[in-house]
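Remarks on the structure that follows.
From a predicted model like this one, the values you see are computed outputs, not experimental measurements.
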Amino acid sequence: MAQHQRSSQWRVWHRWLSLIFGVQMVIWTISGAYMVFFQLDFIHGDHLVQDTSAAVPADTQVAPLEQLLERYPHTQTVALETRWLNSQLTAVYELDGHQGQAIVNAETLAPIALQEEHIRELANRYYALEAPTIDSVVYLTENPPTELNPALLPIWQVNYDDFGNTSLYLSESTGEMLVKRHTFWRGFDIMWMTHIMDYSDRVDIETWWLKVFIIGTFILMITGAVLLVYTISFKKKKPGGAQ
């Protein structure tokens, strides 16, 4: 009888621990399966974009660097690149310096201020799927969505009407694509958040929530093991034996 009472107490503990920590174990299983099932290249959205780099047109009369640096003396680094602007491939200098990033026309050295129509052109060049359909273009200066690092503001958000609700984020100064997001990435982000139990920044893998639930799950396993021992011992007893 005493052994039966002890097993009943262990069973009560096991049930309460299962109620408290079992749900999180199911969440860990589901989130872990999601993260394993989808390849990271797919989650990162590599299939959604393409390389748009192109050689500078041969007939381009590029201004010399000396003239460029004389006009933009705060420049620290320079790169000669191309951008698809106004329906044509345009050679540009991409500048980076104390005053931030910018692009200028490589022939005239005139600064290029990117407008919405430019962003639409550039985004469609980056977009790799067929028949791109832009749903909206938003210039973000504050309150970014959780999928975007606030440090990247201000930035252009280009949303596509496709299966994955793709969003491309382009630099407001250079037109470079900085971030790509889609439905499965957003799902991965939620799964990662619930897996590591960091519900704010989603980067801390040592939260106290996680530690508490790991310890609680370990205790749950111990109670289950004890109950297993009791169950086996009961089955081994002969009918009519001591209880």
Linked, directly or transitively: I134 and L129 (ILVMFWY side chains, under 4.5 Å): yes
Are any of the side-chain nitrogens in R120 or E116 under 4.0 Å away from the carboxylate oxygens of its partner?
yes
Closest non-hydrogen atoms of A102 and T174, given as atom of the first, atom of the second and distance, are N-CG2, 4.2 Å
Closest heavy-atom pair, S171 versus I119, reported as atoms and distance to 0.1 Å, is O-CD1, 4.4 Å
Taking every heavy atom of P57 against every heavy atom of T82, the minimum-distance pair comes out as CD-CG2, 4.4 Å
Exercise. Does atom CD of Q88 have more than 12 heavy-atom neighbours from other groups under 6.0 Å away?
Worked result: yes
Hey, does S167 have a side-chain heavy atom less than 4.5 Å from the side chain of R186?
yes
inquiry  = In this structure, would L48 and V158 fall into the same cluster of hydrophobic residues linked by side-chain contacts under 4.5 Å?
reply    = yes
In this structure, CG of N165 is separated from OG1 of T183 (nearest 0.5 Å) by 4.0 Å
Between Y169 and the options E176, E147, K180, the side-chain contact (heavy atoms from CB on, under 4.5 Å) test singles out E147
Taking distance alone, no hydrogens or angles, what donor-acceptor pairs closer than 3.5 Å link side-chain atoms of residues 30-41 to residues at least two apart or in another chain?
residue: S31; atom: OG; partner: I27; partner atom: O; Å: 2.8
residue: S31; atom: OG; partner: W28; partner atom: O; Å: 3.2
residue: S31; atom: OG; partner: H195; partner atom: ND1; Å: 2.6
residue: Y34; atom: OH; partner: F184; partner atom: O; Å: 3.0

Judged by atom type as modelled, is there a donor-acceptor pair below 3.5 Å linking the side chain of H182 to the main-chain atoms of F42? yes
Rounding to 0.5 Å, atoms CG (L170) and CG (L152) come to a distance of 11.5 Å
For this session: Spell out, as yes or no, whether a donor-acceptor pair under 3.5 Å connects the side chain of D51 to the backbone of S53.
Result: yes
**Asked** Are the side chain of Q101 and the backbone N or O of E94 linked by a donor-acceptor pair below 3.5 Å?
**Response** no
Quick note, ring pair (Phe, Tyr, Trp, His ring centres under 6.0 Å) partners involving residues 90-127, not counting sequence neighbours, are Y127-Y160
(message) Using side-chain heavy atoms (C-beta onward) and a distance below 4.5 Å, is L148 in contact with L153?
(response) yes
On a heavy-atom basis, the closest approach of A91 and V56 is CB-CG1, 3.7 Å
Of all heavy-atom pairs linking Q67 and L109, the shortest is CG-CD1, 3.7 Å
field: Close side-chain approach of T90 to N105, heavy-atom, < 4.5 Å
entry: yes
Q) Do V78 and L80 sit in the same hydrophobic cluster, where Ile, Leu, Val, Met, Phe, Trp and Tyr count as joined when their side-chain heavy atoms come under 4.5 Å apart? A) yes
Test side-chain hydrogen bond (donor to acceptor under 3.5 Å, both in side chains) on T60 and E107; report intermediate values, then the result.
CA-CA 7 Å; T60 303; E107 295 183 281; 5.1 Å; no
Rounding to 0.5 Å, atoms CD1 (I43) and CG (D46) come to a distance of 10.5 Å
Closest non-hydrogen atoms of E172 and W156, given as atom of the first, atom of the second and distance, are CA-CD1, 3.6 Å
Value for OG1 (T207) from CG (D198), rounded to nearest 0.5 Å, stands at 6.0 Å
message: Using a 6.0 Å cut-off, check whether atom CZ of R15 has over 12 heavy atoms from anything other than its own residue.
response: no
**Message:** Are there over 12 heavy-atom neighbours, none belonging to W192, within less than 6.0 Å of that residue's CH2?
**Reply:** no
Is it the case that one hydrophobic cluster holds both W185 and V179, taking links as side-chain heavy atoms less than 4.5 Å apart, direct or via other members?
-> no
**Prompt:** So, T75 side chain and L95 main chain: donor-acceptor pair closer than 3.5 Å or not?
**Reply:** no
Report task. Could you walk me through whether T223 and L220 pass side chain to side chain contact (heavy atoms under 4.5 Å, CB included), step by step? Result -> CA-CA 5 Å; T223 60; L220 174 62; 4.1 Å; yes
| said: How about CZ on F218, more than 12 heavy atoms from neighbouring residues, nucleotides or ligands closer than 6.0 Å, or not? | reply: no
### Task
Indicate, with yes or no, if F213 and I215 share a hydrophobic cluster defined by side-chain heavy-atom contacts under 4.5 Å among Ile, Leu, Val, Met, Phe, Trp and Tyr.
yes
- With ring centroids as reference points, do F188 and H44 lie under 6.0 angstrom apart? no
So, do Q157 and P145 sit near enough that their side-chain heavy atoms are less than 4.5 Å apart? yes
To the nearest 0.5 Å, atom OG1 of T166 lies from atom CG of D135 at 11.5 Å
Here the gap from L122 atom CG to T52 atom OG1, rounded to the nearest 0.5 Å, amounts to 8.0 Å
